[in-house]
J.: 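Got a structure here, written out as structure tokens. Questions coming.
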Protein chains: 2
Amino acid sequence: MNSKTVPNTATGQKASSAHRSYEEELREAGIRITKPRKVILKILTQASDHPDAMEIFRRAVKVDASIALATVYRTMKMLEDLGAVHRHSFEGGPARFENADAEHHDHLIDLDTGDVIEFHSERIEQLQQQIADELGYDIEHHRLELYGRKRKK
Amino acid sequence: MNSKTVPNTATGQKASSAHRSYEEELREAGIRITKPRKVILKILTQASDHPDAMEIFRRAVKVDASIALATVYRTMKMLEDLGAVHRHSFEGGPARFENADAEHHDHLIDLDTGDVIEFHSERIEQLQQQIADELGYDIEHHRLELYGRKRKK
DNA sequence: CTTCCAGTTGCAAACGATTTGCATTTGCAT
DNA sequence: ATGCAAATGCAAATCGTTTGCAACTGGAAG
């Protein structure tokens with residue numbers, strides 16, 4: 001009860017089916033695969049929502065009570081630097097993460113539930129590009145978030 | 001060295017010329033106009049950039065050394081609730097504020113300098129609206145930020 | 001132009017999210 | 001098995017922001 005992929009392509013299986021497993025990525029990058037990391041990576045692989053660090057920590061502790069919150073933060077930072085996950089800082093709240101290997105998309109955040117719905121508009125992307133061009137800038141990345149509530153009726 | 005309005009309509013005078021002065025707004029809302037508030041409001045009226053609370057505080061202290069940072073935060077919250085200023089939380093950094101009575105616009109943040117360039121695309125607004133419609137949502141507000149660097153050459 | 005008190009203030013302590021220092025483990029290449 | 005840089009857990013530190021509280025002050029009422 002926290003996130004949905006909207007173009008709703010297939011039928012709701014594990015939304016974030018990593019193409020290349022996280023462990024493979026770490027191995028390729030020459031980064032150690034430790035016990036706490038395994039736990040966190042598994043949680044991320046199974047997650048179909050956009051959990052924040054504390055939520056990941058809660059799920060991790062259930063598997064291995066000795067894992068520290070700091071390790072979750074360190075691991076998420078590592079994965080972000082590696083490009084394996086994306087960090088989103090929605091309105092005020094804590095940063096929330098999602099697997100990076102999905103196609104690019106933006107988010108609509110349900111103000112009542114916190115649910116995150118993903119969407120994508122090629123047309124908007126083009127317009128953004130065009131605007132940056134006109135302003136003489138190269139876009140590194142962007143952020144488009146719609147905040148709203150389910151339409152009544 | 002921190003913000004520019006891009007459509008660059010007129011020649012760079014006080015970018016945020018409040019239509020209705022802040023003091024008028026407070027008065028109308030039945031909110032007291034105190035000494036520290038006067039200082040902060042003046043700073044905001046003169047600001048042509050998007051200062052954060054600490055920056056507003058620094059400028060305020062030059063005028064009246066006894067002003068507290070907490071007062072700046074409280075005043076900004078008050079103005080935001082009043083709808084007189086907009087709060088933007090760009091990438092990680094602290095919240096930055098701007099006068100609310102300009103026409104709606106989005107932002108391009110210069111990753112090298114922190115400068116904020118404003119832009120507006122009616123077409124993008126329409127597309128966002130359309131997307132929300134399709135998803136069955138009413139947009140409360142949105143956030144579109146482009147992060148980039150000045151194009152080389 | 002006093003009086004009065006709810007609204008405001010300054011200050012310091014509390015906060016939530018995240019990061020960091022450090023001494024202790026632990027992957028994993030040898 | 002061995003060695004050591006990398007990673008961990010823990011606690012303390014940081015950053016931006018909020019809050020409790022006692023002292024202070026606009027500005028409406030007299």
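Hydrogens, waters and symmetry mates play no part in the numbers below; they use all other heavy atoms, side chains included. A quick note: this is a predicted structure, and the numbers were derived from the prediction, not measured. Below, read A as the first sequence line, B as the second, and so on, with proteins coming before strands; counting in each chain starts at 1.
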J.: Examine distances only and state if a side-chain atom of R143(A) and a backbone atom of S89(A) form a donor-acceptor pair shorter than 3.5 Å.
T.: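 Present.
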J.: Using distance alone, with no hydrogens and no angle criterion, decide if H142(A) and Q129(A) have a side-chain donor and acceptor under 3.5 Å apart.
T.: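 Note: H142(A) and Q129(A) side chains miss the donor-acceptor criterion.
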J.: Might you list the N or O atoms of the protein lying below 3.5 Å from N or O atoms in nucleotides 28-30 of chain C, with each pair's distance?
T.:
from	atom 1	to	atom 2	distance (Å)
dC28(C)	OP1	I33(A)	N	2.9

J.: Could you say whether G30(B) or A65(B) is positioned toward the 5' end of DNA chain C, judged by the nucleotide with the nearest heavy atom to each?
T.: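 By nearest-heavy-atom nucleotide position, the 5'-most residue is G30(B).
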J.: For the side chain of L69(A), starting at C-beta, report the closest nucleotide among dT18(C), dG10(C), dT20(C).
T.: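 Output: dT18(C).
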J.: Drop me the distance from L41(A)'s CG to I33(A)'s CD1, to the nearest 0.5 angstrom.
T.: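 Between L41(A) CG and I33(A) CD1, I get 7.5 Å after rounding to 0.5 Å.
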J.: Under the criterion side chain to side chain donor-acceptor pair (under 3.5 Å), I'd like the reasoning laid out for Y137(A) against R149(B): C-alpha separation, chi angles, the key distance, then a yes or no.
T.: CA-CA 5 Å; Y137(A) 273 79; R149(B) 299 174 203 286; over 6 Å; no
J.: Tell me: CD of E55(A) to P of dG16(C), nearest whole Å?
T.: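 Spelled out: CD on E55(A) to P on dG16(C) is 17 Å.
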J.: Does dT19(C) have OP1 or OP2 sitting under 4.0 Å from an N or O in the side chain of Y73(A)?
T.: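 It does not, given that no N or O in the side chain of Y73(A) lies less than 4.0 Å from OP1 or OP2 of dT19(C).
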J.: How many Å lie between NZ on K35(A) and C1' on dA6(D), as a whole number?
T.: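 These atoms are roughly 16 Å apart.
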J.: Take the protein atom CE of M76(B) and the nucleotide atom P of dT9(C), then report the distance between them rounded to whole Å.
T.: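 Roughly 13 Å, once rounded to whole Å.
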J.: I40(B) CD1 to dT8(C) P: how many Å, rounded?
T.: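 In whole Å, dT8(C) P and I40(B) CD1 are 13 Å from each other.
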J.: Between D49(B) and R59(B), does any NZ, NE, NH1 or NH2 come within less than 4.0 Å of an OD or OE carboxylate oxygen?
T.: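 Here R59(B) pairs with D49(B) in a salt bridge, since their nearest N and O are under 4.0 Å apart.
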J.: Quick one: are the ring centres of H107(A) and H86(A) less than 6.0 Å apart?
T.: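 No, they do not, as the ring centres are separated by 6.0 Å or more.
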J.: To the nearest Å, how far apart are R87(B) CZ and dT17(D) P?
T.: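 Taking CZ of R87(B) and P of dT17(D), I get 7 Å after rounding.
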J.: Indicate yes or no for a side-chain donor-acceptor contact from R87(B) to the backbone of E80(B) under 3.5 Å, with no hydrogens or angles considered.
T.: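 Judged by distance alone, no pair lies under 3.5 Å.
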J.: According to the Watson-Crick and G-U wobble definition with distances under 3.5 Å, which dot-bracket string, read 5' to 3', encodes DNA chain C, using [ ] for crossing pairs and | for pairs with another strand?
T.: ||||||||||||||||||||||||||||||
J.: Measure from CG on L26(B) to P on dG26(D) and round the result to the nearest Å.
T.: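 After rounding, the gap between these two atoms is 14 Å.
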J.: For residues E55(B) and H50(B), is any side-chain donor paired with an opposing acceptor at under 3.5 Å?
T.: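 Looking only at side-chain atoms, H50(B) and E55(B) do not form any donor-acceptor pair under 3.5 Å.
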J.: Figure out the CD1/P separation between I56(B) and dG16(D), and round it to whole Å.
T.: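 In whole Å, dG16(D) P lies 14 Å from I56(B) CD1.
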J.: Check step by step if side chain to side chain donor-acceptor pair (under 3.5 Å) holds for H88(A) and E98(A).
T.: CA-CA 8 Å; H88(A) 300 292; E98(A) 75 177 322; 2.5 Å; yes
J.: To the nearest Å, how far apart are M54(B) CE and dT14(D) P?
T.: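 Computing the M54(B):CE to dT14(D):P distance gives 15 Å.
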J.: On DNA chain D, check which nucleotide each of P94(B) and A68(A) is closest to and give me the residue with the more 5' one.
T.: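 In this pair, the answer is A68(A).
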J.: Under 3.5 Å, is there a donor-acceptor pair between the H120(A) and E122(A) side chains?
T.: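 Per modelled atom types, H120(A) and E122(A) side chains form a pair under 3.5 Å.
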J.: Between the protein and nucleotides 22-24 of chain C, list the N/O to N/O atom pairs that are separated by less than 3.5 angstrom.
T.:
none

J.: Could you give the distance from CG (D133(B)) to CG (L127(B)), rounded to the nearest 0.5 Å?
T.: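 Result: 11.5 Å between the selected atoms.
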J.: Let's go through Y22(A) and E24(A) carefully: what are the C-alpha distance in whole Å and the side-chain angles of both, what is the deciding distance for side chain to side chain donor-acceptor pair (under 3.5 Å) to 0.1 Å, and is it a yes or a no?
T.: CA-CA 5 Å; Y22(A) 284 119; E24(A) 266 180 81; over 6 Å; no
